Amino acid sequence: MEVRLSMLKYLQRVFTSQGPYLGSVLIPLESLYILYPPTETHTKSEQLFLLGLSLGKLARTDEEELAKTMDTLLHEFEADQRGKRNRMFSRSSDTSAMSFLEARLMENQKISVDLDYIRVFYHLCSVLIMTYKKLLAAKRTDAMQDYLTRIDQKVHRLIVHPAMQDLDVTAKGLLREQWKTLVTF
């Protein structure tokens with residue numbers, strides 16, 4: 001988990017153009033806005049914003065409860081990402097059927113404001129860093145270690161890895177442009 005914590009801090013630096021990507025190229029904000037145009041990333045930004053909002057609410061619980069609920073929340077987020085929202089995770093408008101169905105942890109509000117993907121991602125990393133620090137302070141039992149491992153794998157698969165893939169494509173493009181500039185001299 002310490003590795004993921006440092007990776008989240010690293011991604012924050014890259015997403016603000018304060019650090020080079022993989023020690024090779026500084027990705028300017030203009031390139032990030034080309035990679036993540038607001039018109040095309042509205043849904044993605046909204047999902048990440050709601051994940052951060054949901055995580056922020058969970059951070060008030062104790063470490064063990066946080067680990068359990070964060071694991072469930074990331075499972076819900078993954079289902080939302082894949083468009084396979086399970087029936088047990090959807091809200092019902094019928095008040096008599098709200099008992100078990102209200103167990104959904106992921107916020108599901110519609111955001112009426114255009115969100116900036118880069119800022120949303122930066123702040124999601126901040127919330128995840130805060131959450132990871134709290135989880136790392138927890139007493140390590142076998143059950144807790146199992147939760148931490150699952151949480152770490154989900155954060156990598158759902159948040160870190162897709163961002164790294166996007167940044168990789170952009171960095172390669174920037175390096176090709178720099179190489180062409182050097183070759184023409």
Side-chain angles (χ1 to χ4, degrees), residues 1-56 58-59 66 70-71 73-84 106-107 111-137 148-185:
M1 286 200 70
E2 292 85 4
V3 172
R4 192 76 56 230
L5 184 63
S6 63
M7 177 58 80
L8 291 167
K9 290 177 183 177
Y10 167 74
L11 282 173
Q12 278 188 314
R13 287 191 307 275
V14 171
F15 267 78
T16 55
S17 296
Q18 294 178 353
Y21 177 70
L22 297 180
S24 60
V25 62
L26 185 65
I27 301 176
L29 283 175
E30 298 82 31
S31 296
L32 289 173
Y33 281 108
I34 291 170
L35 179 62
Y36 300 111
T39 56
E40 296 177 17
T41 58
H42 177 74
T43 304
K44 202 177 199 182
S45 300
E46 190 174 278
Q47 289 173 336
L48 291 178
F49 177 79
L50 292 174
L51 176 64
L53 190 65
S54 301
L55 279 171
L58 294 179
L66 175 61
M70 187 172 175
D71 183 45
L73 176 64
L74 289 170
H75 179 73
E76 290 178 19
F77 178 72
E78 183 174 25
D80 287 350
Q81 291 281 31
R82 295 176 187 232
K84 298 178 182 176
M106 184 78 177
E107 292 288 328
I111 308 297
S112 60
V113 181
D114 286 335
L115 297 170
D116 179 3
Y117 180 84
I118 296 165
R119 288 183 181 179
V120 169
F121 190 85
Y122 176 86
H123 290 293
L124 175 62
C125 286
S126 296
V127 171
L128 285 167
I129 289 167
M130 177 191 67
T131 308
Y132 264 63
K133 285 181 179 179
K134 187 169 184 176
L135 290 172
L136 286 171
L148 294 177
T149 302
R150 288 198 320 241
I151 288 167
D152 194 47
Q153 289 171 348
K154 288 177 184 176
V155 167
H156 174 74
R157 184 176 66 246
L158 299 171
I159 298 162
V160 173
H161 185 68
M164 294 294 286
Q165 285 180 320
D166 291 344
L167 292 171
D168 199 43
V169 169
T170 302
K172 285 178 182 177
L174 289 169
L175 287 172
R176 274 190 216 105
E177 288 176 19
Q178 289 176 3
W179 179 253
K180 287 178 185 176
T181 305
L182 290 173
V183 170
T184 57
F185 282 126

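Treat the numbers as computed from the prediction; the structure is a model and nothing was measured.
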- Would you indicate whether Tyr10, at its atom OH, is surrounded by more than 12 heavy atoms from other residues, nucleotides or ligands within a distance under 6.0 Å? yes
- Query: Would you say Arg119 has more than 12 foreign heavy atoms packed within less than 6.0 Å of its CZ?
  - Reply: no
- Test side chain to side chain contact (heavy atoms under 4.5 Å, CB included) applied to Thr43 and Glu40, Glu46, Gln47, the passing residue: Gln47
- Item | Considering all heavy atoms, the nearest Gly19-Leu26 contact | O-CD1, 3.4 Å
- Note on the structure: Smallest heavy-atom separation, Val120 atom then Ser45 atom, equals CG1-O, 3.6 Å
- Note on the structure: Interatomic distance, CG@Leu51 vs CD@Glu78, rounded to 0.5 Å, equals 12.0 Å
- Query: Cut-off 3.5 Å, side chains only: do Asp116 and Tyr36 have a donor facing an acceptor?
  - Reply: no
- Rounding to 0.5 Å, atoms CD (Glu30) and OG (Ser17) come to a distance of 7.5 Å
- Item | Nearest heavy atoms of Pro28 and Leu174, plus distance in Å | CD-CD1, 3.9 Å
- Given side chains that start at C-beta, do those of Phe15 and Ile27 come closer than 4.5 Å, heavy atoms only? no
- Task: Under the side-chain contact (heavy atoms from CB on, under 4.5 Å) rule, what do Leu22 and Leu167 come out as? Steps first, then yes or no, please.
- Result: CA-CA 10 Å; Leu22 297 180; Leu167 292 171; over 6 Å; no
- Which pair of non-hydrogen atoms, one from Cys125 and one from Leu11, has the smallest distance, and what is that distance? SG-CB, 4.4 Å
- Note on the structure: dist Leu124:CG -> Ile129:CD1 (nearest 0.5 Å) comes out at 9.5 Å
- Working to the nearest 0.5 Å, report the span between CZ of Phe49 and NE2 of His123. 10.0 Å
- Note on the structure: The side chain to side chain contact (heavy atoms under 4.5 Å, CB included) partner of Met164 among Asp168, Asp166, Val160 is Val160
- Message: Ignoring hydrogens, what is the shortest heavy-atom contact between Pro162 and Arg157? Give both atom names and the distance.
- Response: CD-O, 3.4 Å
- Query: If only atom types and distance count, is the side chain of Lys134 paired as donor or acceptor with the main-chain N or O of Ala59 below 3.5 Å?
  - Reply: yes
- Message: Let me confirm one number: the OG1-CG distance from Thr170 to Leu35, rounded to the nearest 0.5 Å.
- Response: 3.5 Å
- With the side chain counted from C-beta on, respond yes when Asp152 and Val3 share a heavy-atom pair under 4.5 Å apart, and no when they do not. no
- Flag side-chain contact, heavy atom, 4.5 Å: Thr16 against Leu29: no
- Work out which heavy atom in Val155 is nearest to a heavy atom in Tyr132; give both atom names and the distance. CB-OH, 3.4 Å
- Query: Nearest 0.5 Å, what's the NE2-NE2 distance between His161 and His156?
  - Reply: 5.5 Å
- Can you find a heavy atom in the side chain of Leu73 that is under 4.5 Å from one in the side chain of Ser54? yes
